[in-house]
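First the structure, in the form of structure tokens, and then the observations on it.
Fair warning: this is a prediction, and the values are worked out from it, not measured in the lab.
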Amino acid sequence: YPTNVLSASIQAPVPFKFDHHLDGIVASALGVTGQEGVVVTTRGGRGVRWAVNTLRTSGTQMINLGSDDRVAGAALINAEDALLLVAADGYARRLAAEWVFAPGKPNQKGKSLISRRSDLVGTAVSEQNAALWAVTNSHLLPVTTARLPLDESTKTQRLLKLPETAVVTGLLTVFDA
């Protein structure tokens, strides 16, 4: 939904709601202007990139999931943005948003973005004016992406040193006021 359509519901003193029931599990609800792109990633490490203005408001199947895969996350992007992909074991990859596969038509399988046996659990834009936090099964950990290079390969590097029983379950972005 475009942000100008949602803003009345967000700013009004009524709870946020969608006009129609959403099928399945909502992995991400993003307010857009239509000028940005969106990257959708799966737990299996695949992803696609779409220009928001090419998507139908009635719905578009953005990615074809395998039978045992599911959407892990989505992030709004601009061409110059860098993405952070985080796996459940604390390893991560930083890549330019423009490197993510842009399919020519809906319902295509995404291209592999990380080569890990661990599930991809977090997708975020690494921005200057935002703090990133890793949500684990036991606590929050601050995320620093400065030492992760932009890399075109699917190889990941250790981002977080986790206790033995901890796993990352998602990413939280906190924007500065």
Side-chain angles (χ1 to χ4, degrees), residues 1-3 5-6 16 18-89 91-127 130 132-135 143 145 148 150-156 159 167-175:
Y1 289 95
T3 303
V5 173
L6 291 175
F16 177 75
F18 288 97
D19 295 335
H20 307 286
H21 173 73
L22 299 175
D23 295 331
I25 299 169
V26 178
S28 188
L30 307 166
V32 300
T33 63
Q35 304 307 312
E36 57 275 281
V38 62
V39 169
V40 176
T41 57
T42 71
R43 293 188 67 84
R46 295 183 172 275
V48 294
R49 171 177 49 96
W50 287 88
V52 169
N53 60 10
T54 64
L55 300 173
R56 298 186 316 265
T57 56
S58 61
T60 301
Q61 184 171 350
M62 297 172 72
I63 190 167
N64 182 348
L65 298 172
S67 61
D68 59 344
D69 207 358
R70 63 179 281 200
V71 172
L76 291 178
I77 55 155
N78 293 306
E80 68 280 355
D81 286 341
L83 285 172
L84 178 68
L85 306 175
V86 178
D89 60 2
Y91 279 71
R93 175 184 176 210
R94 221 169 130 244
L95 70 154
E98 62 187 13
W99 296 342
V100 178
F101 171 66
K105 58 184 183 175
N107 198 21
Q108 300 255 329
K109 285 197 180 266
K111 299 289 183 189
S112 182
L113 299 176
I114 64 168
S115 55
R116 295 267 342 138
R117 291 178 191 243
S118 182
D119 284 346
L120 176 65
V121 295
T123 305
V125 174
S126 48
E127 298 186 48
L132 287 173
W133 292 83
V135 179
V143 172
T145 61
L148 286 178
L150 286 174
D151 192 0
E152 286 196 63
S153 78
T154 59
K155 187 176 180 182
T156 56
L159 177 68
V167 293
V168 179
T169 59
L171 285 177
L172 175 66
T173 305
V174 180
F175 293 96

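- Annotation: side chain to side chain contact (heavy atoms under 4.5 Å, CB included) contacts of Arg117 (sequence neighbours excluded): none.
- Residues that satisfy the side chain to side chain contact (heavy atoms under 4.5 Å, CB included) test with Thr145, not counting sequence neighbours, are Leu84, Arg94, Ser126, Leu132, Val143.
- A donor-acceptor contact shorter than 3.5 Å is absent between the side chain of Ser118 and the backbone of Ala87.
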Please walk me through it: do Asn64 and Gln108 pass side chain to side chain donor-acceptor pair (under 3.5 Å)?
CA-CA 5 Å; Asn64 182 348; Gln108 300 255 329; over 6 Å; no
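- Take Gln35 and apply the side chain to side chain donor-acceptor pair (under 3.5 Å) test, not counting sequence neighbours, and it matches no residue.
- By the side chain to side chain contact (heavy atoms under 4.5 Å, CB included) test, Asn78 pairs with Glu36, Glu80, Asp81, sequence neighbours left out.
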Donor-acceptor contacts under 3.5 Å from residues 40-55 side chains, at least two apart:
unit_1, atom_1, unit_2, atom_2, d
Thr41, OG1, Gly73, O, 3.4
Thr41, OG1, Thr123, OG1, 2.5
Thr42, OG1, Gly44, N, 3.4
Thr42, OG1, Arg46, N, 3.1
Thr42, OG1, Asp69, OD2, 2.9
Arg43, NE, Asp119, OD2, 3.4
Arg43, NH2, Asp119, OD2, 3.3
Arg46, NH1, Gly110, O, 2.6
Arg49, NE, Ala97, O, 3.4
Arg49, NE, Val100, O, 3.0
Arg49, NH2, Glu98, O, 3.2
Arg49, NH2, Val100, O, 3.2
Trp50, NE1, Met62, O, 3.1
Thr54, OG1, Ala51, O, 2.6

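- Looking at heavy atoms from C-beta onward, Val38 lies out of side-chain contact with Ile77 at the 4.5 angstrom threshold.
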Decide yes or no on side chain to side chain contact (heavy atoms under 4.5 Å, CB included) for Leu95 and Glu152, but give the supporting numbers first.
CA-CA 7 Å; Leu95 70 154; Glu152 286 196 63; over 6 Å; no
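- Of all non-hydrogen atoms in Leu171 and Gly122, the two that sit nearest each other are CD1-C, 3.8 Å.
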Give the intermediate values and the outcome of side chain to side chain contact (heavy atoms under 4.5 Å, CB included) for residues Trp99 and Leu150.
CA-CA 10 Å; Trp99 296 342; Leu150 286 174; 4.1 Å; yes
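- Side-chain contact between Leu83 and Val39 is present, with heavy atoms from C-beta onward closer than 4.5 Å.
- Residues Thr156 and Arg93 share a closest heavy-atom pair of CG2-CB, 4.1 Å.
- Side chains of Val86 and Leu120 form no contact here, defined as non-hydrogen atoms less than 4.5 Å apart.
- Every residue two or more places apart in sequence or in another chain that forms a side chain to side chain donor-acceptor pair (under 3.5 Å) with Ser115 is listed here: Thr154.
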